[in-house]
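What follows is a short report on a single structure.
Predicted model only: the values in this text are computed from it and were never measured. The figures here come from the full heavy-atom set of this structure, side chains too, leaving out hydrogens, waters and symmetry mates. Letters go in sequence order (proteins before strands), and every chain restarts at 1.
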There are 2 protein chains.
Amino acid sequence: MGNSKLYKGSLHTIILKLLEENGKMYGYEITQKVKEITNGELNITEGALYPALHKLEAEDLLDVEVAKVDNRLRKYYKLTEKGSKETVNKLKELENYIRNMQVLVNPNWSIE
Amino acid sequence: MGNSKLYKGSLHTIILKLLEENGKMYGYEITQKVKEITNGELNITEGALYPALHKLEAEDLLDVEVAKVDNRLRKYYKLTEKGSKETVNKLKELENYIRNMQVLVNPNWSIE
DNA sequence: AACTTATGCATAAGAAAATTATGTATTATA
DNA sequence: TATAATACATAATTTTCTTATGCATAAGTT
């Protein structure tokens, strides 16, 4: 499986967007979801994911709720109100970045 | 003007693509070109650019040619053959990344 | 004439955000 | 019964920037 490069800076946006879509998710679930959606091309490493979740929580963008399923720990994360707003910003930022890259590398594709 | 975020990892691709388009360029020229193309949104800092150029040169992706214009130094960079091939790879990688981001954040735009 | 901005290069210190390597623990599968 | 999958976590290291600093010449401004 080709492991596509994760451009640094986009992980927070991915997490926020997935939570916006799915209401609440736990860490491991996020890694699997990303793998599934990208057909195994993008693998979020745990060393990147968990510190990212902790940071988003510390910034009050996420709320946590601990659950125990099959005697195993799960930490469910969901967006706070502040997190919902920030998600919009991050998505705009990403779109803007991609537009800039489009005019810069001038490929045969464009976003529309 | 707002300095849009540069997602880490895309600078090499930008440099290679600009050189592919323009044949040869010098560092300062690259910073101005990027600023011009993105309407001032993306500013390549010197602290990022020059080390990047040196690294690409060390990897034999770029050739250098020193010139003196108006009693001032210029270092013109151009793609080596290896650099041309790598440019194709980097562009594919970028396009792939953007496609993955597209399915992940499922926005109201898509590339085509 | 003196000062500032633009042109042109460079590197060092620090920060951000990953990867890689470990570690713990439970459950499912071969 | 060993291995893979599930589920969390952190430390060390690497990559890739930003910010700060430095040198030097040319052009424009006060």
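When the C1' atom of D:dA7 is taken as reference, atom NZ of A:Lys24 falls 16 Å away, rounded to whole Å. Distance NZ (A:Lys75) to C1' (C:dT26): 17 Å, rounded to an integer number of Å. Nucleotide C:dC9 holds its C1' atom 15 Å from the CD atom of B:Glu29, rounded to whole Å. At whole-Å resolution of the value, NZ in B:Lys33 and P in C:dG8 are 14 Å apart. Between the CG atom of A:Leu53 and the P atom of D:dA7 there is a distance of 14 Å, rounded to whole Å.
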* For each nucleotide in nucleotides 1-6 of chain D, reading 5' to 3', give B when a protein heavy atom comes within less than 4.0 Å of its base, S when such contact involves only the sugar-phosphate, and - otherwise. => ----BB
* Nucleotide by nucleotide, 5' to 3', does protein get under 4.0 Å of the base (B), only the sugar-phosphate (S), or neither (-) in nucleotides 18-23 of chain C, counting heavy atoms? -> SBB---
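Note on A:Glu95 versus A:Lys92: no salt bridge recorded, every NZ/NE/NH1/NH2 to OD/OE distance being 4.0 Å or above.
No donor-acceptor pair closer than 3.5 Å links the side chain of B:Gln32 to the backbone N or O of B:Glu29. Side-chain N or O atoms of B:Thr80 include one that pairs as donor or acceptor with a backbone N or O of B:Leu61 at under 3.5 Å. Listed for the B:Lys82 side chain is a donor-acceptor partner under 3.5 Å among the backbone atoms of B:Glu59.
Contact record, A:Pro51 with A:Ala48: CD-O, 3.7 Å, taken as the closest heavy-atom pair. In plain terms, the two heavy atoms of B:Leu104 and A:Lys17 that are nearest each other are O-CG, 4.0 Å. The nearest pair of heavy atoms linking B:Ala52 to B:Leu11 is CB-CD2, 4.0 Å. Contact detail for A:Gly27 and A:Leu53: the closest heavy-atom pair is CA-CD1, 4.0 Å.
Between B:Asn71 and the phosphate of D:dA26, there is a side-chain N or O to OP1/OP2 separation shorter than 4.0 Å. OP1 or OP2 of D:dT16 lies within a sub-4.0 Å distance of a side-chain N or O belonging to B:Lys55. OP1 or OP2 of D:dC8 has not a single side-chain nitrogen or oxygen of A:His54 nearer than 4.0 Å. In this model, the phosphate group of C:dA10 is not approached by any side-chain N or O of B:Tyr50 to a distance below 4.0 Å at OP1 or OP2.
Using modelled atom types, one finds no donor on one side chain facing an acceptor on the other under 3.5 Å when comparing B:Tyr97 with B:Ser10.
Rounded to the nearest 0.5 Å, atoms CD1 (B:Ile30) and CD1 (B:Ile14) are 10.5 Å apart.
You'll find the side chain of A:Tyr77 reaches within 4.5 Å of the side chain of A:Leu19, heavy atoms only.
Within residues 60-69 of chain A, no residue is approached by DNA chain C to less than 4.0 Å at the level of any non-hydrogen atom.
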